[in-house]
Asks: 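Quick one: the structure is below, and I'll ask about it shortly.
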There are 2 protein chains.
Amino acid sequence: MMQELFEKNLTHLGTPTWYSRNEEIFVEGELATGIFKIKSGCMRTATVLSDGRRHILSFYLPGEFYGLEAGRVYSVTGESVTRCKIHMFRKNALFEAADDKIAMRLLMIAASELSRAQKHSLLLLRGAKERVVGFLLDMAERQNNWQQVDLPMTRGDIANYLGLTTETVSRMFGRLEDSAAIAIERRRVTLCDLPALKEMYK
Amino acid sequence: MMQELFEKNLTHLGTPTWYSRNEEIFVEGELATGIFKIKSGCMRTATVLSDGRRHILSFYLPGEFYGLEAGRVYSVTGESVTRCKIHMFRKNALFEAADDKIAMRLLMIAASELSRAQKHSLLLLRGAKERVVGFLLDMAERQNNWQQVDLPMTRGDIANYLGLTTETVSRMFGRLEDSAAIAIERRRVTLCDLPALKEMYK
DNA sequence: CGAGCGTTTGAGGTTGCTCAACCCGAGTGG
DNA sequence: CCACTCGGGTTGAGCAACCTCAAACGCTCG
């Protein structure tokens with residue numbers, strides 16, 4: 001896999017760091033010097049509108065990358081959702097060490113970011129229940145586990161990401177549980193009726 | 001500018017084609033062999049959900065590129081919004097002709113696609129009026145004209161892209177006109193009170 | 001055991017959707 | 001030259017979905 005190769009070649013160029021909960025990892029507007037790989041825990045990216053509203057644009061789980069920007073500065077702020085370990089690669093180092101395949105690897109990372117952002121847009125074009133179901137299915141896929149999903153983030157974060165309110169997310173969870181499609185315990189969700197869920201988010 | 005360079009070097013590898021209105025340019029699921037640059041007119045990308053609903057993910061104006069995919073196949077369908085001229089580059093040809101900077105150029109295109117998709121997500125996280133205003137401001141910026149905006153697409157396409165209904169888009173246009181922020185004539189919109197508009201979409 | 005955050009639940013209000021009618025301009029054919 | 005049609009756009013009334021505000025509950029961690 002390309003990511004394995006990428007990491008193998010470049011681990012020595014990066015630095016692993018531990019963050020506790022809700023720490024800033026990089027800040028919107030800063031010179032975008034780093035590329036990040038999540039080793040454990042969960043990171044989110046968010047942007048702040050000038051009136052103070054905050055929007056979460058993405059969550060990052062172990063194994064996933066962040067860091068390719070159109071501009072020279074970060075367009076979002078990166079924050080730890082939970083205590084987490086994150087490996088940072090400096091772009092300069094990458095480019096200095098560049099063999100002729102490295103840009104291609106970066107291209108693949110950018111393309112997967114793009115695909116992620118498009119999925120998010122599609123999610124936001126739907127109704128509340130569908131958004132919640134789509135979110136659960138996406139998390140299940142990324143955790144590679146269709147039985148149970150861990151939700152490292154709060155309901156508030158989920159709601160913000162989905163363009164809903166905490167209350168609505170909670171109610172949708174409730175309704176899904178009532179219909180026996182899922183079972184909820186704290187921040188672990190069991191996908192009891194996967195076909196039904198996939199039917200809701202087709 | 002990077003795009004000039006890109007095109008200059010590679011024009012001979014591409015083929016320009018004319019499309020009439022509402023033609024398919026490439027289809028979701030097809031092997032993604034091409035990269036497209038809009039020369040005139042307007043293109044849109046859309047995806048069809050399994051229940052038949054269609055969602056427009058992006059519009060492309062003259063000078064803009066489409067074509068970098070995470071996977072080997074197109075994840076969306078490309079269609080002409082108006083009669084338009086589009087230049088297609090074959091990826092294979094690009095890679096064969098690759099000097100050591102070409103992957104970097106592709107990376108920049110991918111990054112701008114990403115930024116576009118993120119803007120779309122942010123748009124969808126807002127209320128109806130804000131979405132419409134945000135859309136107008138985005139089009140103005142991309143057309144490099146803060147006085148007047150051309151809207152090559154129908155209200156239906158705008159609504160679909162914004163996750164609203166035609167009626168709502170029409171009403172929001174009406175309300176903006178009533179408040180003297182814009183003036184509408186067919187598919188040309190004059191931005192009468194730009195500060196007010198920017199205030200609405202801050 | 002208390003404090004505080006995160007979550008759930010309920011009642012009422014607002015936004016944007018649905019359904020329906022109507023308008024307008026561009027083609028088309030008599 | 002007018003009548004008809006058709007796609008696109010606007011407008012209005014009623015309704016459903018989702019939000020707001022408010023209260024209560026339950027972990028978790030001092």
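Lettering follows sequence order; numbering is per chain, from 1.
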Asks: Calculate, to the nearest 0.5 Å, the distance between atoms CD1 and CG belonging to B:I35 and B:L68 respectively.
Replies: 4.5 Å
Asks: What integer distance in Å separates B:D157:CG from D:dG9:C1'?
Replies: 13 Å
Asks: Between B:E167 and B:N22, which residue's closest nucleotide on DNA chain D lies nearer the 5′ terminus?
Replies: B:N22
Asks: With salt bridge (charged side-chain N to carboxylate O under 4.0 Å, His left out) as the test, pick out the partner of B:E64 among B:K39, B:K37, B:R142.
Replies: B:R142
Asks: Tell me which nucleotide among D:dG9, D:dC19, D:dT10 gets nearest to the side chain of B:S170.
Replies: D:dT10
Asks: Given D:dC18, is OP1 or OP2 found less than 4.0 Å from the side-chain N or O atoms of A:R131?
Replies: no
Asks: Rounded to whole angstroms, how far apart are CG on B:L124 and C1' on C:dG16?
Replies: 15 Å
Asks: Within the structure, does a side-chain N or O atom of B:T168 lie under 4.0 Å from either OP1 or OP2 of C:dC17?
Replies: yes
Asks: Please report the distance, rounded to the nearest Å, between CZ in B:F173 and P in C:dC23.
Replies: 23 Å
Asks: For the side chain of A:T165, counting heavy atoms from C-beta on, which of D:dG9, C:dC17, D:dC19 is nearest?
Replies: D:dC19
Asks: Between atom CD in A:E185 and atom P in C:dT8, what is the gap in whole Å?
Replies: 13 Å
Asks: Any donor-acceptor pair under 3.5 Å linking the side chain of A:D150 with the backbone of A:P152?
Replies: no
Asks: Quick one: A:L164 CG to C:dG16 P, roughly how many Å, whole number?
Replies: 14 Å
Asks: Checking contacts here: which listed nucleotide (C:dT7, D:dG9, D:dC21) is nearest the side-chain heavy atoms of A:T154?
Replies: C:dT7
Asks: Nearest nucleotide by nearest heavy atom, which residue falls closer to the 5' end of DNA chain D, A:R186 or A:M172?
Replies: A:M172
Asks: Enter the distance from A:L137:CG to A:L194:CG here, rounded to the nearest 0.5 Å.
Replies: 6.5 Å
Asks: Nearest-Å distance, CZ (A:R187) to C1' (D:dG26)?
Replies: 13 Å
Asks: Before you tell me yes or no, could you show the steps for A:F36 and A:F26 under ring-ring contact (aromatic ring centres under 6.0 Å, His included), namely the whole-Å CA-CA distance, both residues' side-chain angles and the distance that decides it to 0.1 Å?
Replies: CA-CA 10 Å; A:F36 302 86; A:F26 52 91; 4.9 Å; yes
Asks: Do the side chain of A:R171 and the base of C:dG10 come within less than 3.5 angstrom through a donor-acceptor pair of N or O atoms?
Replies: yes
Asks: Are any of A:R21's side-chain N or O atoms less than 4.0 Å away from OP1 or OP2 of D:dC29?
Replies: no
